[in-house]
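Have a look at the structure below, then the notes.
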Amino acid sequence: MEFVVGARDVTIFAKGWSPEIIKHKNGKSRGYAFVTMASGEEAQAVVDKFDSHELLGRIIKVEFAKKLRRPAPPPPASHLVGETRYDLYVSNLAWKVRSSHLREFFVAAGFNQVAPRVVFEGKRSAGYGFASFTTKEEADSAIVALDGKELMDRPLRLRFSTKTIEDSKDGKEEEATSEEPQE
């Protein structure tokens, strides 16, 4: 028999807090949920009180969420090691933007030889990314054609970058103004 705990059960258990129950693609619960607390002290109090607590006949585990560290994605196949790239810094991205959305944005404007990457903080976009071009002319054309154009209701800002996706491990934004290529 399958054990099913719904949002209502967790909400009652968690005194009105709104849980985010994690589900499989088919809609079934994965067996865990997240609850955001107002402070670290409040979260610690909940962990202390409810870890190993019984909920609907089962002992539950309550702990702080662990940050998942995924390996950095491999460099785009279109760029060979040592090949000169012209990287554009693309800012003001919506949090739900993925690299595929950025690629579609550039391709729709006629830039087919582009390798876009969106920088992430956890599971959402950090609000910026990079687009690599093989020639300075392509990069210049992309800036002229697309700077200020909207993607998911947000006007994008494009400019030459001094920072690449490989340099963006910490998820912090950096001003990027150089017109020099990345090698």
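Just so you know, these numbers come straight off a predicted model, no measurement behind them.
Across S29 and H24, no two heavy atoms sit closer than the pair O-CD2, 3.8 Å. Between F106 and A142, the closest heavy-atom pair is CE2-CB, 4.2 Å. Nearest heavy atoms, R98 versus S125: NH1-N, 4.3 Å. Between L156 and L151 the shortest heavy-atom distance is CD1-CB, 3.8 Å. Minimum interatomic distance between G148 and P155 (heavy atoms only, all atoms of both residues): O-CB, 3.6 Å.
Side chain of R159 to main chain of L88: no donor-acceptor pair is present (N/O by atom type, distance under 3.5 Å, no hydrogens or angles). Formation of a donor-acceptor pair under 3.5 Å by the D87 side chain with backbone atoms of S161 is not found in this model.
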**Message:** Before you tell me yes or no, could you show the steps for K136 and E138 under salt bridge (charged side-chain N to carboxylate O under 4.0 Å, His left out), namely the whole-Å CA-CA distance, both residues' side-chain angles and the distance that decides it to 0.1 Å?
**Reply:** CA-CA 5 Å; K136 185 175 186 312; E138 284 180 308; over 6 Å; no
**Asked** Going through the distances and angles, do K61 and D51 end up as a side chain to side chain contact (heavy atoms under 4.5 Å, CB included)?
**Response** CA-CA 5 Å; K61 185 174 185 177; D51 188 37; 3.7 Å; yes
**Request:** Step by step, work out the side chain to side chain contact (heavy atoms under 4.5 Å, CB included) result for L146 and K149.
**Result:** CA-CA 5 Å; L146 300 175; K149 300 290 184 200; 4.2 Å; yes
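V114 is listed as a side-chain neighbour of R103, based on a closest heavy-atom distance under 4.5 Å. For the pair F111 and S141, the minimum side-chain heavy-atom distance is below 4.5 Å. No side-chain heavy atom of E137 sits less than 4.5 Å from a side-chain heavy atom of Y86. Considering only heavy atoms from C-beta on, V107 stays 4.5 Å or farther from E104 through its side chain. Residues V118 and L93 are in side-chain contact: their nearest non-hydrogen atoms beyond the backbone lie under 4.5 Å apart. The closest side-chain heavy-atom distance from M152 to H101 is below 4.5 Å.
The distance from the OG atom of S52 to the CD1 atom of I60 is 8.5 Å, given to the nearest 0.5 Å. T135 contributes atom OG1, which lies 8.5 Å from atom CG of D140 (distance to the nearest 0.5 angstrom). One distance of note links CZ of R85 with OG1 of T134; it measures 11.5 Å at 0.5 Å rounding. Distance CZ/F120 to CH2/W95: 13.5 Å, rounded to 0.5 Å.
Within 6.0 Å of CG on N26 lie more than 12 heavy atoms contributed by other residues, nucleotides or ligands.
Judged by distance alone, the side chains of N92 and R157 never bring a donor and an acceptor atom under 3.5 Å apart.
Y89 has its ring centre less than 6.0 Å from the ring centre of Y128.
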